[in-house]
Each structure stands twice: as structure tokens, then as C-alpha cells.
2 protein chains.
Amino acid sequence: MTPARAPRADAVRNRKKILAAAGEQITAHGPEVGMDEIAAAAGVAVGTLYRHFPTKTDLVAAVVAAYIARVADDAETALGRVEAGAHAVDELTAFLRRVVEASVTDRAVKAAAQTLGAEPGDRADEDRAGAAVAALIQVGQADGDIHPDVTVSDIYLLFSTAPTDQPPAARARWLALVTPGLTTRTREAGN
Amino acid sequence: MTPARAPRADAVRNRKKILAAAGEQITAHGPEVGMDEIAAAAGVAVGTLYRHFPTKTDLVAAVVAAYIARVADDAETALGRVEAGAHAVDELTAFLRRVVEASVTDRAVKAAAQTLGAEPGDRADEDRAGAAVAALIQVGQADGDIHPDVTVSDIYLLFSTAPTDQPPAARARWLALVTPGLTTRTREAGN
DNA sequence: ATAGATGGTGAACCACAGTTCATCTTATTC
DNA sequence: GAATAAGATGAACTGTGGTTCACCATCTAT
């Protein structure tokens with residue numbers, strides 16, 4: 001069922017360039033960047049964009065998928081560290097922080113995803129991330145550091161509400177406000 | 001310095017109708033509702049909208065201002081209850097919950113405010129709300145219930161990150177996750 | 001080297017939403 | 001009840017941005 005001949009070399013190259021450019025442009029100027037601008041940034045004509053992605057929504061979806069893949073990688077790495085002996089709570093909060101920090105860059109991606117009807121291009125990556133986070137939580141709960149009723153969807157909930165458009169100080173503060181809800185430790189003064 | 005004759009009666013009436021309709025339409029269908037639709041809902045022609053509000057951004061700003069005024073009222077009422085003997089923490093969290101709940105209706109307002117360059121039409125209402133919340137926090141801290149380093153901007157930060165587009169259960173859960181960051185009490189199991 | 005399809009180009013197209021304005025209506029004033 | 005200014009109307013205009021498509025270029029298999 002795959003008799004189609006292999007895609008042309010330059011087509012593959014262009015696809016990558018487009019994806020990269022789209023990511024950059026969207027994170028830089030928000031989701032309202034025109035297709036023309038993305039095309040220009042990729043060093044390609046608009047038509048080429050449409051050859052690879054039938055619609056702008058599809059393009060954004062692809063960018064979002066790439067973002068999710070990155071997050072999944074991050075989560076799995078964190079899990080790896082825990083298996084190597086690191087504390088799960090620490091890794092989880094650090095993961096949270098990292099995602100929130102990174103989302104400054106990727107905030108527009110999120111916005112774009114909502115503006116258009118962003119579809120999960122690759123459910124697989126989403127699952128990967130979920131599994132890793134779940135494992136992280138479980139270990140943390142076994143350690144007695146993470147509150148027993150915390151679930152993966154809690155983490156997603158916090159992700160989706162992260163103040164990506166706020167200055168660094170505010171993001172740090174937000175993290176400080178939110179972590180006590182996840183851990184069993186009493187809130188410490190700070191920041 | 002006010003020699004201008006009083007505005008016509010129907011003009012005043014229309015202004016109200018427009019504001020009301022704009023609020024409804026935006027909360028119902030998001031900030032992307034067309035001016036035509038708002039006009040239709042108000043039982044007026046588009047041109048009338050532009051007579052009262054030179055641009056769509058101005059109209060949205062007016063709607064946002066009305067929203068802020070409502071929040072300010074709410075905060076002041078809560079403060080009143082505290083002065084009458086209620087616990088400040090409870091009132092603060094209840095206030096938070098109320099705003100989050102209400103924002104289901106008003107979520108689009110927030111979105112609209114960000115989409116366009118929403119300007120604070122009435123700084124006064126903003127200040128009213130801020131003052132009331134500050135008082136609430138202060139009393140709560142004096143009671144020893146609210147963490148000493150909590151500030152008004154923390155509350156604003158939480159507002160701005162409230163999951164307004166999530167189902168009720170998720171919003172409740174969010175509140176449960178976030179409150180421990182404000183209080184001095186240890187997190188209790190729940191939900 | 002050549003054929004033929006795959007991929008690339010970009011000017012033109014189109015739909016949509018905000019905005020304008022010449023004209024008509026209606027409230028207010030004397 | 002005129003006269004007049006304030007307000008209302010809505011068809012038409014405009015600019016923007018996604019999308020198309022007829023034509024050209026390039027890669028790959030033979």
C-alpha cells in the first residue's frame with residue numbers, strides 16, 4: 001500500500017525549512033503572521049507552503065506537534081534522571097519550570113493552536129509525555145513528596161494556564177504559588 | 001466648559017443597547033463577532049456603532065471596563081462581609097472562585113481585550129478592586145490565615161491564568177490546586 | 001541524455017470584517 | 001409646527017490575508 005515513489009530530495013528539504021521558519025515566525029510575531037512572511041522566512045514561495053500543508057491550520061498543527069514532541073523528550077529525560085536516583089518532586093517542578101520558561105518562546109504556538117482549530121497531529125508524542133509525567137508523579141507519591149491525589153491532568157491543567165505572556169519574575173512567582181498545591185510540604189516563604 | 005447641549009434621549013438609549021448587546025455577543029461567540037452582528041443584536045445599524053465608538057477596539061474597551069466595574073463591586077462586597085465578621089481567607093478564596101466561575105461567561109471578554117489593544121477605560125474601577133483585595137489580604141494575614149508574602153499582584157496573576165475555557169470540574173480543581181499557595185494551612189486532600 | 005512526473009513559483013483571486021459617508025430621520029428648541 | 005442640528009441608516013468601499021492555479025523548473029528513473 002506504499003507503491004508511491006520516494007519524495008524528492010528538495011521537497012524534504014523544503015518541508016523542514018518551512019516547519020522551522022513557521023516555528024520561528026510564529027514564536028516571534030504571534031500566530032497572526034501571514035503565510036507570505038513565513039514563506040519569505042523559509043526562502044520559498046507561498047505556493048510551496050500550500051503544497052506541503054493544505055491550509056494554514058495544518059501548518060500550525062504541525063508546529064504544535066513538533067512542540068509537543070520536544071516536551072515529551074524533556075519529560076522522558078527527567079524521568080530518566082529520577083530512575084538514576086534524582087528526587088521525583090524536584091524533577092517534576094523543574095520540568096514544570098522548564099516548560100513554563102520555554103513557553104515564553106512558544107507561547108504564540110499555544111495561541112495559534114487555539115485560534116485555529118489545532119489538531120493533535122501526533123497522538124503518540126502526547127502519550128509519551130503523559131506516560132513520563134505519570135511515572136514522575138507516581139514515584140514522587142511513593143516518596144511521600146507529592147500529594148496523593150495529584151494526577152497527570154492536573155499538570156496539564158497547570159500547563160494550559162501558565163502565564164506565558166508575563167515577565168520572568170511573574171512566571172517564577174506563579175510557579176511558587178502553584179507548587180504548594182502539588183507537594184505535601186508546607187509552603188515556605190520565598191520570592 | 002460644557003456649553004454643549006445635552007445628548008438626545010434616543011442616543012443615550014442606543015448607547016446602552018449597544019453596550020449590552022456587545023457584551024452578550026462577545027461572551028456568547030467570542031471576540032471575533034462582527035460589528036454587523038453586534039449591531040443586529042442591538043437592533044441598530046452599523047453606522048450607529050461607529051457614531052458611539054470610533055473603532056471596534058474602543059467598543060471592546062468599554063465592555064471590558066464594565067466587566068472590571070462588576071469585579072470591583074464584588075470585591076468591595078466581600079470586603080464588607082469581612083468587616084462584618086466573616087473570615088478573610090474564606091472571602092478571598094470565594095471571591096477568587098466567583099471570578100473564575102463568572103469568567104466562563106466573560107472569558108471572551110478577556111480574549112477580546114488581548115486580541116485588540118484593550119485599554120483600561122476607567123482606571124478608577126481597577127483601583128477600587130485593587131484596594132478591596134489588598135484589604136482582604138491584609139486582614140487575612142493579620143488572622144494568620146494568608147501567607148505573609150502574598151500580594152495583590154499575586155491575585156491578579158492568578159486571575160489572568162484562570163482556566164476560563166475549561167469545564168466546571170477543571171476550574172474547581174484548579175482552584176483547589178492554587179489556594180494552598182495563598183494560605184498558610186497545609187494542603188488538605190480533596191476533590 | 002531524456003522523458004515525465006513531482007515540486008516550485010507568485011500574480012491574481014476571493015471572502016471577510018472593519019470602516020466610511022451621502023442621505024434620510026427624528027429629537028429638541030423657539 | 002417649523003427650523004435645525006444631532007443622530008441613524010446601510011450600501012459601498014477598502015485593506016488584509018488566506019488560498020488557488022496555470023505555468024515553469026527540477027529531480028529521478030531509465
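Per chain, numbering begins at 1; letters A, B, ... match sequence-line order.
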Atom-pair distance ([atom1] on [X]; [atom2] on [N]), nearest Å:
X     : N      : atom1 : atom2 : result
A:M35 : C:dA11 : CE    : P     : 17 Å
A:L49 : D:dT20 : CG    : C1'   : 14 Å
B:K56 : C:dA17 : NZ    : C1'   : 8 Å
B:Y50 : C:dC21 : OH    : P     : 13 Å
B:H29 : C:dA17 : NE2   : P     : 13 Å
B:D36 : D:dT9  : CG    : C1'   : 13 Å
B:R13 : C:dA27 : CZ    : P     : 7 Å
B:F53 : C:dA17 : CZ    : P     : 21 Å

Below 4.0 angstrom, N of the basic side chain to O of the carboxylate: do B:D125 and B:R128 qualify?
yes
Applying ring pair (Phe, Tyr, Trp, His ring centres under 6.0 Å), can you list everything that pairs with A:F53, at least two apart in sequence or on another chain?
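A:F53: no ring pair (Phe, Tyr, Trp, His ring centres under 6.0 Å) contacts found.
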Between the protein and nucleotides 1-3 of chain D, list every N/O to N/O distance that falls short of 3.5 Å.
none

Result of checking A:V178, A:L177, A:L182, A:T161 against B:L177 for side-chain contact (heavy atoms from CB on, under 4.5 Å):
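When side-chain contact (heavy atoms from CB on, under 4.5 Å) is applied between B:L177 and each of A:V178, A:L177, A:L182, A:T161, only A:L182 qualifies.
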Answer with base, sugar-phosphate or nothing: what part of the nucleic acid does A:V33 contact at a heavy-atom distance below 4.0 Å?
sugar-phosphate
Tell me, yes or no, whether the heavy-atom count around B:H87 atom NE2, taken from other residues, nucleotides or ligands under 6.0 Å, exceeds 12.
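It does not: B:H87 NE2 has 12 such atoms or fewer within range.
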A:T55 side chain N/O closer than 4.0 Å to the phosphate oxygens (OP1, OP2) of D:dG18?
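No, outside the criterion.
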Do the side-chain N or O atoms of B:N14 get closer than 4.0 angstrom to the phosphate oxygens (OP1, OP2) of D:dG7?
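Checking B:N14 against D:dG7: no side-chain N or O falls below 4.0 Å of OP1 or OP2.
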Can you tabulate the close N/O pairs, meaning under 3.5 Å, that link protein atoms to atoms of nucleotides 4-6 of chain D?
unit_1, atom_1, unit_2, atom_2, d
D:dA6, N3, B:R8, NH1, 2.4

Closest approach of B:Y156 and B:G130, non-hydrogen atoms and distance?
OH-CA, 3.3 Å
On DNA chain D, does the nearest nucleotide to A:V46 precede the nearest nucleotide to B:G47 from the 5' side, or the other way round? Give the residue.
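Looking at the nearest nucleotide for each, B:G47 comes out on the 5' side.
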